[in-house]
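Report on one structure; see the data block that follows.
Order of appearance sets the numbers: ligands from 1, and atoms from 1 within every ligand. All of these numbers come straight from a predicted model, not from anything done at the bench.
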Amino acid sequence: MDVKAAQRLQLSAVVQPERFGRRPPFSTCRLGVSREPQSLRVFVSPMMMRRRTTALEVSSSYDNISASILESGSVHAPLDEELILKNRSQETQPYLNGRCIYLVGMMGSGKTTVGKIMSQVLGYSFCDSDALVEEEVGGNSVVDIFEQHGETFFRNKETEVLHKLSLLHRLVISTGGGAVMRPINWKYMHKGVSVWLDVPVEALAQRIAAVGTNSRPLLNYEAGDPYTRAFMRLSAILKREVKHMPMPMPGSH
Ligand SMILES: Nc1ncnc2c1ncn2[C@@H]1O[C@H](COP(=O)(O)OP(=O)(O)O)[C@@H](O)[C@H]1O
Ligand SMILES: O=C(O)C1=C[C@@H](OP(=O)(O)O)[C@@H](O)[C@H](O)C1
């Protein structure tokens, strides 16, 4: 089913689970982007293949991306970083069997940026759950939804969207940063592969400060300079959200 259908959330085709084999326990991996080399551990489901853990060295730096590129919103990560991501995506493809990839992580962790690159490599469609929520609520922005209906309403709509997406396949889904806080959302995301973009809060604050906090109602309160404002709020939110992130499967590395 193509992304237009997904975006209309008209579920004309329910994916037959047997087409993709048993649904293994969900697998997740961490992708940290920071100044130090990060090891990216990719866990693939034991149900589909012999258990395989690949420790891959992923080193990258965001120092050498000029602020202007970041602000353009169409960041072209340095060739090495984008190439690494494309290669890792291709390595993951045989294990996916068409299942969706859910990118989870804090605001600014790169879910949209990474998601678009991954979807191209995998021949998947890209979906942004925030955009689908906005569509569900008549095109109102996330900021307007928070202002007019409140956070709980937004979270309920987000859960509805994730439920509908869980019936589709061949999608890379950029989730909203807060999606991890609801167990029911994990029930839906478990039907695919969740990928945690685990980025240091300092980097998150730098990125958010570069693009501004106008589109992120939960960051838009603190007084002070954009970096401090973003850092303070992100640090508070991180404490709340990190508790909901899954630990790697025991024995999987
Ligand atoms: N790996 C990266 N290195 C540096 N900047 C990045 C990286 N990934 C994303 N960004 C920048 O960070 C900001 C947030 O990225 P985005 O993909 O929108 O994050 P999310 O969807 O998780 O909120 C954007 O300005 C983007 O250009
Ligand atoms: O962390 C959160 O609670 C939120 C993150 C946002 O998505 P991004 O992570 O794409 O900014 C958006 O869903 C909303 O502002 C709430």
Side-chain angles (χ1 to χ4, degrees), residues 31-35 38 40 58-86 88 102-119 126-134 136-137 140-147 149-159 161-162 172-182 185 195-221 226 230 233-242 244-245:
L31 173 61
V33 175
S34 70
R35 290 188 175 86
Q38 289 276 331
L40 164 65
V58 173
S59 66
S60 60
S61 157
Y62 46 85
D63 287 342
N64 51 2
I65 302 180
S66 73
S68 58
I69 295 177
L70 295 187
E71 276 153 14
S72 73
S74 59
V75 71
H76 298 291
L79 185 59
D80 58 340
E81 192 172 78
E82 193 162 330
L83 204 55
I84 291 171
L85 181 59
K86 286 181 175 176
R88 297 304 172 252
Y102 293 87
L103 298 178
V104 299
M106 287 287 288
M107 291 180 243
S109 56
K111 300 183 292 293
T112 302
T113 304
V114 166
K116 288 178 178 172
I117 295 171
M118 290 184 82
S119 60
F126 173 76
C127 267
D128 180 325
S129 69
D130 281 349
L132 294 175
V133 168
E134 290 173 337
E136 282 276 290
V137 189
N140 286 0
S141 70
V142 168
V143 173
D144 291 342
I145 295 171
F146 269 71
E147 271 172 18
H149 304 286
E151 182 173 353
T152 302
F153 175 89
F154 173 84
R155 298 282 177 225
N156 292 340
K157 285 295 177 188
E158 185 176 54
T159 295
V161 161
L162 290 173
V172 177
I173 299 153
S174 166
T175 66
V180 297
M181 290 191 298
R182 281 192 170 190
N185 292 344
V195 176
W196 176 9
L197 304 187
D198 183 12
V199 177
V201 68
E202 295 80 0
L204 297 176
Q206 268 188 351
R207 295 179 186 180
I208 297 285
V211 294
T213 57
N214 298 337
S215 65
R216 295 179 163 97
L218 292 176
L219 296 182
N220 226 358
Y221 295 135
R233 287 297 290 161
L234 286 165
S235 302
I237 292 170
L238 183 61
K239 284 196 183 80
R240 185 182 71 178
E241 296 189 359
V242 74
H244 298 272
M245 300 307 264

Which N/O atoms of ligand 2 sit under 3.5 Å from a protein N/O, and at what distances?
| from | atom 1 | to | atom 2 | distance (Å) |
| --- | --- | --- | --- | --- |
| ligand 2 | 1 (O) | G178 | N | 3.2 |
| ligand 2 | 1 (O) | E241 | OE2 | 3.4 |
| ligand 2 | 3 (O) | R155 | NH2 | 2.6 |
| ligand 2 | 7 (O) | D130 | OD2 | 2.9 |
| ligand 2 | 7 (O) | G177 | N | 3.4 |
| ligand 2 | 9 (O) | K111 | NZ | 2.9 |
| ligand 2 | 9 (O) | G177 | N | 2.9 |
| ligand 2 | 11 (O) | R216 | NE | 2.8 |
| ligand 2 | 13 (O) | D130 | OD1 | 2.8 |
| ligand 2 | 13 (O) | D130 | OD2 | 3.2 |

If only atom types and distance count, is the side chain of N185 paired as donor or acceptor with the main-chain N or O of A179 below 3.5 Å? yes
Contact summary for S215 and P217, nearest pair of heavy atoms: O-CD, 3.5 Å
Just by distance, no angles: are the side chains of S141 and D144 close enough, under 3.5 Å, to form a donor-acceptor pair? yes
Student check: side-chain heavy atoms of T175 and E158 closer than 4.5 Å: no
Checking side-chain contact (heavy atoms from CB on, under 4.5 Å) against E82, which of I117, V114, T113 comes through? I117
Enumerated ligand 1 atoms positioned under 4.0 Å from heavy atoms of V211: 25 (O)
Under 4.0 Å, heavy-atom basis, I'd like to know which part of R216 is in contact with ligand 1: side chain, backbone, both or neither. side chain
For T213, enumerate each residue passing the side chain to side chain contact (heavy atoms under 4.5 Å, CB included) test, keeping only those at least two apart in sequence or located in another chain. I208, L219, N220, R229
Taking N or O atoms only and a 3.5 Å limit, does G110 qualify as a polar contact for ligand 1? yes
Check whether R207 reaches the backbone of S109 with its side chain - one donor and one acceptor, N or O, closer than 3.5 Å. yes
Mark yes or no for whether S119, through its side chain, and V172, through its backbone, hold a donor-acceptor pair below 3.5 Å. no
Checking V195 against Y102 for the side-chain contact (heavy atoms from CB on, under 4.5 Å) test, could you report, in this order, the C-alpha distance in whole Å, the side-chain angles of both residues, the deciding distance, and whether it holds? CA-CA 6 Å; V195 176; Y102 293 87; over 6 Å; no
Below 3.5 angstrom, do we get any N/O pair linking G108 and ligand 1? yes
Going by the 4.0 angstrom heavy-atom rule, the piece of M106 near ligand 1 is backbone
Within less than 4.0 angstrom of ligand 1, does A210 place any heavy atom? no
